[in-house]
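Chain letters run A, B, ... following the sequence lines, proteins first, then strands; residues in each count from 1. The structure presented is a predicted model; accordingly, all values stated were derived computationally and were not measured.
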Amino acid sequence: DAGVIQSPRHEVTEMGQEVTLRCKPISGHDYLFWYRQTMMRGLELLIYFNNNVPIDDSGMPEDRFSAKMPNASFSTLKIQPSEPRDSAVYFCASTHRGSTYEQYFGPGTRLTVT
Amino acid sequence: TQLLEQSPQFLSIQEGENLTVYCNSSSVFSSLQWYRQEPGEGPVLLVTVVTGGEVKKLKRLTFQFGDARKDSSLHITAAQPGDTGLYLCAGWNSGGSNYKLTFGKGTLLTVNP
């Protein structure tokens, strides 16, 4: 089975532009998580969904960030407008109820905002 | 807010040496996980410990959960270059449908040939 799929793998954009990151979770997983990783702050949870419904978005930095999960096989994280401080690696992860809480991570999207 | 402190932050050793990395918190966790992350990839689960005092072994890696379920350690025996990576601990607390993990900042291990 394919793992968690993220696209794009790398994104370079200019400050002020809109950025959309995409994630396809593992089939059958009903939890999806978006994380951001930086050297300074480590791995931070931004938001997570259960059965396509947002459960906890307390980690979303500000209104410039938004996330959607229109169906069980697709989620997006959007930044509008982007700023240089948003530069980081963004990970998507999924898991399912009944697992030993193991989260399966995608390869990440490295975002650079100039 | 629950925090997990990992130490050391960086560790560089020679092949064949032993090492221990630590994960500490002032909070109690229902379970604790260790992940390893290689450059350009996402973290991959190594082990989950659930019971206070629990010890689990994975080949040359030994994981221990503290009796009070507030801390954990990872010991590697005879480290190899393939052990190089970022080691992350993550804590989880039960409660309803909460599947939220709290991650430490990690220990970056380099094993030199």
### Query
Is it true that A:Phe33 and A:Leu46 fall in one hydrophobic cluster, defined by side-chain heavy atoms closer than 4.5 Å?
no
### Query
What part of A:Leu43 is in contact with chain B, defined as an atom under 4.5 angstrom from a non-hydrogen atom: side chain, backbone, both or neither?
both
### Query
Does the pair A:Gln103 and B:Leu45 meet the rule for a side-chain contact (heavy atoms from CB on, under 4.5 Å), with working shown?
CA-CA 7 Å; A:Gln103 294 190 10; B:Leu45 181 70; over 6 Å; no
## Note on the structure
The reported gap from OH in B:Tyr35 to CZ in A:Phe105 (rounded to nearest 0.5 angstrom) is 5.5 Å
### Query
Is B:Trp92 reachable from A:Ile55 through a run of I, L, V, M, F, W or Y residues, each pair having side-chain heavy atoms under 4.5 Å apart?
yes
### Summary
Whatever's closer than 4.5 Å to a heavy atom in chain A on B:Leu86 counts as side chain
### Summary
Turns out that what part of A:Glu44 lies under 4.5 Å from chain B's heavy atoms comes down to neither
### Query
Quick one: does B:Lys105's side chain have a donor or acceptor within less than 3.5 Å of a partner on A:Arg41's backbone?
no
### Task
Report whether A:Leu111 and A:Met39 are members of the same hydrophobic cluster (ILVMFWY, side-chain heavy atoms less than 4.5 Å apart, transitive linking).
no
#### Entry: Single-linkage hydrophobic cluster A:Ile26~A:Ile5, side-chain heavy atoms < 4.5 angstrom
no
### Message
If hydrophobic clusters are built by linking Ile, Leu, Val, Met, Phe, Trp and Tyr wherever their side-chain heavy atoms come under 4.5 Å apart, do A:Tyr90 and A:Phe49 end up in the same one?
### Response
yes
### Query
Looking at residues at least two apart in the chain, or sitting in another chain, which of them share a side-chain contact (heavy atoms from CB on, under 4.5 Å) with A:Asp30?
A:Asn50, A:Asn51, A:His96, A:Arg97
### Message
Please classify the contact between A:Ser58 and chain B as side chain, backbone, both or neither, with a heavy-atom cut-off of under 4.5 Å.
### Response
side chain
#### Entry: A:Asp56 vs B:Lys100 side-chain heavy atoms within contact, under 4.5 Å
yes
